[in-house]
J.: 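Below is one structure. I have some questions about it.
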Amino acid sequence: MPIEGVVADANVLLSAAVGKAALRVITDFDIVVHVAQFNADEVAEYLPLMAAKYDLQTELVEMQWKLLPLRIHPLRTYQAGLSQAIEDLKHRDPEDAHALALARSLDLPIWSNDRDFQSVKVACYSTARLLRALSAQRK
């Protein structure tokens with residue numbers, strides 16, 4: 001089954017904003033990247049730290065972030081499933097619950113490099129695995 005869309009976690013979006021391999025998923029393939037507003041806000045908060053970490057100009061990283069073609073979803077889109085997602089991740093990172101709830105509400109896989117999603121019965125792709133799958137799908 002072809003991958004036409006994914007729900008991105010904050011970690012891969014931060015990587016894309018600073019020009020790492022995650023950016024290729026967004027720029028090189030015809031895939032819709034969905035993001036919970038909560039995670040989009042989380043990315044915006046950490047952009048200056050990422051810019052400093054990679055010795056990049058904050059303004060350029062922020063511009064790259066704003067230019068990413070993302071579908072950002074408000075809480076109301078996935079709120080019905082958020083409580084269950086929080087429960088499912090209670091021993092992990094509770095901030096990941098937003099991406100999980102959105103993925104379930106849209107019936108899409110998650111794109112994340114975190115291992116927090118391994119036991120939640122939702123397909124999850126790391127950046128490397130997603131790039132391989134999308135490349136194979138293109139052929």
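Sequential numbering from 1 along the given sequence is applied to the chain's residues.
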J.: Identify every side-chain donor-acceptor pair in residues 58-69 under 3.5 Å, counting partners at least two apart or on other chains, and give the distances.
T.:
none

J.: Does L108 belong to the same Ile/Leu/Val/Met/Phe/Trp/Tyr cluster as L13, with side-chain heavy atoms less than 4.5 Å apart forming each link?
T.: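 Different clusters: L108 never reaches L13 through Ile, Leu, Val, Met, Phe, Trp or Tyr contacts under 4.5 Å.
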J.: So, taking the atom named OG in S126 and the one named CZ in R132, what distance separates them when rounded to the nearest 0.5 Å?
T.: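 With rounding to 0.5 Å, OG (S126) is 6.0 Å from CZ (R132).
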J.: Below 4.0 angstrom, N of the basic side chain to O of the carboxylate: do R104 and D88 qualify?
T.: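 A salt bridge links R104 with D88.
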J.: Could you check whether any side-chain heavy atom of F117 comes within less than 4.5 Å of a side-chain heavy atom of D96, counting everything from C-beta outward?
T.: yes
J.: Could you tell me if the side chain of R71 sits less than 4.5 Å from the side chain of V32, heavy atoms only?
T.: yes
J.: Side chains of L70 and V33: does their closest heavy-atom pair fall under 4.5 Å?
T.: yes
J.: Taking a hydrophobic cluster as the set of Ile, Leu, Val, Met, Phe, Trp and Tyr residues connected by side-chain heavy atoms closer than 4.5 Å, whether directly or through intermediates, do L89 and L106 fall within one such cluster?
T.: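 Shared cluster, no.
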J.: Out of curiosity, does V35 fall in the hydrophobic cluster containing V25 (side-chain heavy atoms, cut-off under 4.5 Å, transitive links)?
T.: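 In one cluster: yes.
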J.: Say whether, by atom type as modelled, one donor and one acceptor occur between the side chain of S105 and the main chain of L102 under 3.5 angstrom.
T.: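 Present.
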J.: Checking the side chain of D9 only, and the main-chain atoms of A99 only, is there a donor and an acceptor separated by less than 3.5 Å?
T.: no
J.: Under 4.5 Å between any side-chain heavy atoms of L130 and I3, yes or no?
T.: yes
J.: With heavy-atom distances below 4.5 Å as the criterion, would you say the side chains of H34 and H73 are in contact?
T.: yes
J.: Which residues satisfy the side chain to side chain contact (heavy atoms under 4.5 Å, CB included) test with A101, sequence neighbours excluded?
T.: Y78, L82, A85
J.: Taking the side chain as every heavy atom from C-beta outward, state whether N11 and S112 have any atom pair closer than 4.5 Å.
T.: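 Yes - at least one pair of side-chain heavy atoms lies under 4.5 Å apart.
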J.: Is the count of non-hydrogen atoms from other residues, nucleotides or ligands lying under 6.0 Å from F29 atom CZ greater than 12?
T.: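 Correct, the count exceeds 12.
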J.: Is there a path from F38 to V43 through hydrophobic residues (I, L, V, M, F, W, Y) whose side chains come within less than 4.5 Å of each other?
T.: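 Hydrophobic grouping puts F38 apart from V43.
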J.: Say whether, by atom type as modelled, one donor and one acceptor occur between the side chain of R129 and the main chain of C124 under 3.5 angstrom.
T.: yes
J.: Can you confirm whether I31 sits close enough to E4 that some side-chain heavy atom of one is under 4.5 Å from a side-chain heavy atom of the other?
T.: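 Of all side-chain heavy-atom pairs linking E4 with I31, none is under 4.5 Å.
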J.: Is the shortest heavy-atom distance from the side chain of V7 to the side chain of W111 under 4.5 Å?
T.: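 V7 vs W111: side chains apart.
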J.: Where do E42 and E95 come nearest, in terms of heavy atoms and distance?
T.: OE2-OE1, 2.9 Å
J.: Are I86 and L100 joined in one hydrophobic group, where the rule is that I, L, V, M, F, W and Y side chains link up if heavy atoms are under 4.5 Å apart?
T.: no
